[in-house]
Amino acid sequence: MFRIRRRATARLSAAILVAGLSVGGSLATAGLAAADGHNTAGGTLATLRGGLQHSGGATIDGKNVSAGLFTMDVQGGGTLQSYCIDAHTPTKTNAQYQEVAWAQSSLHANPDAGKIHWILKNSFPQVGDVAALAKAAGITGEFTKNDAAVGTQVAIWRFSDHVKAEAKDAEAEQLADYLEKSAQSLQEPGVSLSLSSNAVAGKAGEKLGPVTVDTNAGSAAVKVEGAGVKVVDASGNAVTSASDGTELYVDVPAGTTAGTAQVTVEGSAQLSVGRAFTGVGVKTQTQILAGSSENKVASSFTASWDDKETVGAVLAAEAVKNCAKGGVEVKVTNTGDEAGEVSIGGEKHTVEAGKDVTVTVPVKEDAEYSIAVTGPNGLDQTFTGVLDCQTAGEGGSTTPSPEPSAAPSPAGDKGDSADSNLAETGSNSATPVIAGVAVALVVVGGVTMLVLRKRKSA
């Protein structure tokens, strides 16, 4: 009898532990799932790795933190290096990031954004020769890549978060001071690859568009998935490749059955240093690009059409964050021949034929949003995400993100590891798993004590 009860207790404990792990895993991945409906017309997607590369110790307002280079893996191949521009917000390992314009990040109202761009172009890793960097900064002591990364990050924090940031290492601090004093304001860099719209619509027998390509790739391939249609220019000539400024149309022959097609523009390029990266569907530390390998860049748009002579309202919706207005800007275009009434976030709007309507839906900072857009002829889209337009310090926080699980490199440590074991500043996606396991263990302990008490009574 004792053995049966002991086995039952063990099985129950194991079942509860597995349930706890499952709950933790669900919480850890919920953020990315919520981002599936977010709609953009371009920008590179990348996933943040755990740990820092070329790192060391620093302080922000007297609090100990780690500083250094982050690494991100580009969707489709390639890697990126980045620095933090939101010191008070923790990173989430394996969080997905989207390349965005400064207007869609905490840099949108930062008068020193251009100085951060200068620092990135004139320091490590863009200046890979640390001896030359030390000479420019007047540093005479031992100077390593770790020092270069820490000093660069500290200087960036002084402009991105406007905090008192200091490097623990003397040489790294010298570099930070040099970069801060030398920084000049540069213009925002261009996007890797984006499209002016993510959807066009119209009638069969027309050219749908145009959609304009914005890219720093020399040339990008243009592919279309949809029977009986092709991509052309304004003169009707077939287009199979595009460069910056190319206008794309989808030529739908008269009599083509109503349907949709997807056009993909895909190329290879190094991303421009200074591009901002924000979390997709999750609140995580905003990053700014410091280095890039040759990466695959791609963007796509959808074309839809009807085969009727009179098609009514033909609507296409798209959304983009607008930090200056504190919300998400939803644009609905009507390429049909009749006005259409649409619902944007529950509010009714009329879009005249051949016109468009843009509505800014207010969203609170750091809040998740879900904006439904519905209308005639099958318009039914939902845009989701998290509005992240300020550094955490601007929201009132005076405490930098918590200490990482591994302590920063001690002052004076000149180790030059290519891939430090330091965790990134703040918590990561393992936190929900740990919480789930903890809850499970508490429940297991309670059940075990109850069974033992019953056995003792018997």
Side-chain angles (χ1 to χ4, degrees), residues 42-44 46 48 53-54 58 67-72 74 78-87 89 97-130 132-133 136-137 148-163 165 167 172 175-194 214-217 244 269-279 285-295 297 321 323-324 388-391 393-394:
T44 298
L48 185 72
Q53 183 184 42
H54 301 308
L69 271 173
F70 290 86
T71 302
M72 292 191 281
V74 176
T79 58
L80 306 175
Q81 291 176 304
S82 61
Y83 287 108
C84 157
I85 53 171
D86 187 1
T89 298
Y97 278 76
Q98 170 82 45
E99 178 191 0
V100 298
W102 288 357
Q104 299 173 51
S105 74
S106 58
L107 297 177
H108 76 280
N110 188 335
D112 294 323
K115 292 183 178 180
I116 297 173
H117 188 193
W118 185 94
I119 291 172
L120 292 164
K121 291 179 74 71
N122 291 274
S123 190
F124 185 77
Q126 289 300 300
V127 180
D129 185 346
V130 293
L133 185 59
V150 173
T152 305
Q153 176 64 92
V154 166
I156 289 172
W157 276 332
R158 293 175 184 176
F159 289 121
S160 65
D161 294 75
H162 299 105
V163 292
L175 176 64
D177 291 342
Y178 160 74
L179 294 173
E180 181 184 14
K181 292 175 183 176
S182 303
Q184 303 171 31
S185 188
L186 300 182
Q187 290 185 340
E188 179 179 359
V191 66
S192 58
L193 175 62
S194 69
D214 184 2
T215 182
N216 65 359
D244 188 47
Q270 285 192 346
L271 276 64
S272 299
V273 169
R275 293 294 293 173
F277 280 78
T278 59
Q285 197 175 78
T286 304
Q287 303 285 307
I288 192 162
L289 189 65
S292 168
S293 67
E294 193 77 8
N295 299 291
V297 292
K321 297 176 186 177
C323 289
D388 185 6
C389 290
Q390 299 177 0
T391 63
E394 291 175 311

Could you report the tightest heavy-atom contact between [X] and [Y], atom names first, then the distance?
{"X": "Gln285", "Y": "Ala87", "result": "NE2-O, 4.3 Å"}
{"X": "Ala67", "Y": "Val150", "result": "O-CG2, 3.5 Å"}
{"X": "Ala167", "Y": "Ala172", "result": "CB-CB, 3.6 Å"}
{"X": "Ala58", "Y": "Trp157", "result": "CB-CZ3, 4.4 Å"}
{"X": "Gly274", "Y": "Trp102", "result": "O-NE1, 3.0 Å"}
{"X": "Gly279", "Y": "Tyr97", "result": "N-CD2, 3.9 Å"}

Hey, does the side chain of His117 reach the backbone of Glu188 with a donor-acceptor pair shorter than 3.5 angstrom?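 Not confirmed, His117 side chain does not pair with Glu188 backbone.
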I'd like to know if the side chain of Gln53 reaches the main chain of Gly68, judged simply by a donor and an acceptor atom lying under 3.5 Å from each other, with no hydrogens or angles considered.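 It does not hold such a pair.
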Once you round to the nearest 0.5 Å, how far does [atom1] of [X] lie from [atom2] of [Y]?
{"X": "Asp214", "Y": "Asp244", "atom1": "CG", "atom2": "CG", "value": "5.0 Å"}
{"X": "Ser185", "Y": "Gln187", "atom1": "OG", "atom2": "CD", "value": "8.5 Å"}
{"X": "Ser292", "Y": "Gln81", "atom1": "OG", "atom2": "CD", "value": "9.0 Å"}
{"X": "Asp388", "Y": "Ser106", "atom1": "CG", "atom2": "OG", "value": "7.0 Å"}
{"X": "Met72", "Y": "Thr79", "atom1": "CE", "atom2": "OG1", "value": "10.0 Å"}
{"X": "Asp177", "Y": "Ser182", "atom1": "CG", "atom2": "OG", "value": "10.0 Å"}

For residues [X] and [Y], determine if any side-chain heavy atom of one lies less than 4.5 Å from a side-chain heavy atom of the other.
{"X": "Asn110", "Y": "Thr391", "answer": "no"}
{"X": "Ile156", "Y": "Leu120", "answer": "yes"}
{"X": "Leu271", "Y": "Val297", "answer": "yes"}
{"X": "Ile119", "Y": "Phe159", "answer": "yes"}
{"X": "Asp112", "Y": "Arg158", "answer": "no"}
{"X": "Leu133", "Y": "Leu175", "answer": "yes"}
{"X": "Arg275", "Y": "Val191", "answer": "yes"}
{"X": "Ile288", "Y": "Phe277", "answer": "no"}

Ser272 and Asn216: side-chain donor and acceptor closer than 3.5 Å?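 Indeed, the side chains of Ser272 and Asn216 share at least one donor-acceptor pair under 3.5 Å.
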Side chains of Thr44 and Ser192 only: does a donor on one sit below 3.5 Å from an acceptor on the other?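 Thr44 vs Ser192: donor-acceptor pair found between side chains.
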Derivation and outcome, side chain to side chain contact (heavy atoms under 4.5 Å, CB included), residues Lys321 and Val100: CA-CA 9 Å; Lys321 297 176 186 177; Val100 298; over 6 Å; no
